[in-house]
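What follows is a set of notes on a single structure, which appears directly below.
Note that the structure is a prediction, hence the values are computed from the model and not measured. To find a chain, count down the sequence lines: A is the first, B the second, and so on, and within it residues start at 1.
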Amino acid sequence: MAGDEIQTPSNFIKHIIEEDLKNNKNDGRVHTRFPPEPNGYLHIGHAKSICLNFGLAAEYNGLCNLRFDDTNPIKEEQEYVDAIIEDVKWLGFDWGERLYYSSDYFSQLYSYAVRLIEDGSAYVCDLSADEIREYRGTLREPGRESPYRNRPVDENLDLFERMKNGEFPDGSRTLRAKIDMASGNINMRDPVIYRIQRAAHHRTGDEWRIYPMYDYAHCVSDSIEGITHSLCTLEFEDHRPLYDWFLERLRIFHPQQIEFARLNISRAVMSKRKMLKLVEEGHVNGWDDPRMLTLSGLRRRGYTPASIRNFCERIGVAKASSTVDMALLEYCVREDLNKRAPRVMAVLRPLRVVITNYPETQTDELEAINNPEDPDAGTRKVPFSKIIYIERDDFMEDPPKKFFRLAPGREVRLRYAYFITCRDVVRDESGAINELHCTYDPETRGGDAPDGRKVKATLHWVSEAHALAAEVRLYDHLFNTEDPDNSGDGADFRTCLNPDSMTVLDGCLVEPSLSGAGPGSGFQFERLGYFSVDPDSSDERPVFNRTVTLRDTWAKIRKNKK
RNA sequence: UGGGGCGUCGCCAAGCGGUAAGGCACUGGGUUCUGGUCCCAGCAUCCGGGGGUUCGAAUCCUCCCGCCCCAGCCA
């Protein structure tokens, strides 16, 4: 269970449920389901649906099933089933014993199909796929009836059974619903409900040679499970008449299908097809690449389940197609990580600093707060010595007006340590800054001056003798346009790929307390952002992924200047 | 004159006839050993447009405009 007992915002689906509850529809039951097809990985769009379905059930004292919609064996695999289960669990939801598969209902589905044939509502059609398409008509023109439409019931029954027995080749015949070839709704023009496919199914093996289509299998599965509110995305709105048609003909329990808008996020693509392309063409390193908005990618990036749940809560649920600003997703991780991530010091682009008046062999152990937002997190000791490293960005030889970090002659504070003053800039032969010579004030140990003098900046740092070398991977948006799906002039979404979406930094230095941090653990590198230990990490070579930067007012000032 | 939906602040989104919630973003200011967090303030006289009903409309009626989805034996 998601665990947040916050009052969730109102939306049109809740209105419907509350109305149903008031009228004692379904005996006051609320039962939803999350029905993924095991043909790919879950992404944040699925998270919206997961949070909605499980969230609604929890809020109204109902139940939510996890059901795999596995009616197409040629696309589906056990590997995906396993990954999806892991992702839904990770997100924080529990379906109890109610893990189901549409394939659990294949026999029932078959019997119901026989019933449809018996009462004249379905027929076996010998048209080929191309012919069916031709007969279907167009958006403007009605279709034509199949020559097999009025086959006698007995013949349909016989043929359907033989389809099941594998007597006919793939694609040679279909079972079709007899509805209305002139309907303005193309889904009602005698849709196919069973097709012949001799493919092995990941769960039923070669038991079946015919497989039901989504429209037929889904409503019946919902009905069998006693689902009261069947939530799906907008593109299925046109399918609702068909959903209702099957259940009415079959005279079985009739759940209500309700459609809501799918999630889109700026600077990202959300379709499985496009994500697959990114993976296959090597624009990213697999489905769990930290730049992907798959749940596995977000997890590797360092996003927490709570942050994703909060995000799904904040975006709301409605019927208007919309695109949520990526900034909201980022806000949600920061919000969560701010509360729970231990603070630590790490220098990404090191600049060597020699404290000239600090004793050669001395080491200080300074006390640092683990998390100012969480007093229970305690403190730790951080070693300090004569040679340290600071961030290159924290020093400017010729600083502009608003820059108040280190500069020649200027005094700043080293976090939890001492005030230092920059005395000399040391260069190499090429003139590049090599290191800084600074002096420290022993009186300022811990970070405060007894005389009460102030400094304008506090810098993070790391001691040369004690630091751990690490690799840090910085990520940015995968796309550099707001809407890569519609990049204008019919340009492909791949033309909008951000070439700088990943920057690998070598030679980063992190404080020694990070030694042994396990994959998945998250930290705030003070003043930089939140970082998560990558699975590629080892004791010899820690690897961190930047989840998200801290809000950076200084960067904003600089940007506004330009 | 195919069918189905949707249009409230830059981005989401409440609102359901009684006179525009909230969040993100943005802008100012305060606190601060993270230019982080936190705090305070600002940010739609207006709800795609026109008519109409009403004492009163974003909410009802009507016409128009714009956007999205549908012609898989995919889901």
Take atom [atom1] of [X] and atom [atom2] of [N], then tell me their distance rounded to the nearest Å.
X	N	atom1	atom2	result
Asn72(A)	G72(B)	CG	C1'	10 Å
Arg546(A)	G36(B)	CZ	P	16 Å
Tyr194(A)	A75(B)	OH	P	12 Å
Asp485(A)	C69(B)	CG	P	10 Å
Arg240(A)	C69(B)	CZ	P	18 Å

Which part of the nucleic acid, if any, lies within reach of [X] when heavy atoms closer than 4.0 Å are counted: base, sugar-phosphate only, or nothing?
X	result
Phe403(A)	base
Ser266(A)	nothing
Ile315(A)	sugar-phosphate
Met188(A)	nothing
Arg413(A)	base
Asp448(A)	base
Arg343(A)	base
Glu237(A)	sugar-phosphate
His218(A)	nothing
Val455(A)	nothing
Leu366(A)	nothing
Thr174(A)	base
Pro241(A)	nothing
Ala129(A)	base

Partner nucleotide of [N] by Watson-Crick or wobble geometry (both distances under 3.5 Å):
N	value
C6(B)	G66(B)
G42(B)	C26(B)
C47(B)	none
C74(B)	none

Shortest side-chain distance from [X], nucleotide among [options]:
X	options	value
Glu37(A)	A75(B), C6(B), C11(B)	A75(B)
Thr553(A)	G36(B), C11(B), C70(B)	G36(B)
Thr138(A)	C69(B), G10(B), A71(B)	A71(B)
Tyr214(A)	A75(B), G23(B), G5(B)	A75(B)

Would you say the base of [N] and the side-chain of [X] have a donor-acceptor pair closer than 3.5 Å?
X	N	value
Asp552(A)	G35(B)	no
Glu235(A)	G4(B)	no
His239(A)	C70(B)	no

Comparing Lys402(A) with Ala320(A), nearest RNA chain B nucleotide closer to 5' gives the residue Ala320(A)

For the pair His201(A) and Tyr211(A), name the ring-plane relationship: parallel under 30°, tilted 30 to 60°, perpendicular over 60°. parallel

Is the Tyr214(A) ring parallel, tilted or perpendicular to the Phe236(A) ring (thresholds 30°, 60°)? tilted

Please report the distance separating the [atom1] of [N] from the corresponding atom of [M], rounded so that it comes out in whole Å.
N	M	atom1	result
C24(B)	U59(B)	P	29 Å
C26(B)	U32(B)	C1'	23 Å
G18(B)	A13(B)	C1'	23 Å
G3(B)	U8(B)	P	25 Å

Would Arg240(A) and Glu259(A) count as a salt bridge (Lys or Arg N to Asp or Glu O under 4.0 Å) if you check the C-alpha gap in whole Å, the side-chain angles of each, and the deciding distance to 0.1 Å? CA-CA 9 Å; Arg240(A) 192 172 63 231; Glu259(A) 311 84 13; 2.7 Å; yes

Can you tell which of Leu298(A), Val333(A), Leu337(A) makes a side chain to side chain contact (heavy atoms under 4.5 Å, CB included) with Ser307(A)? Val333(A)

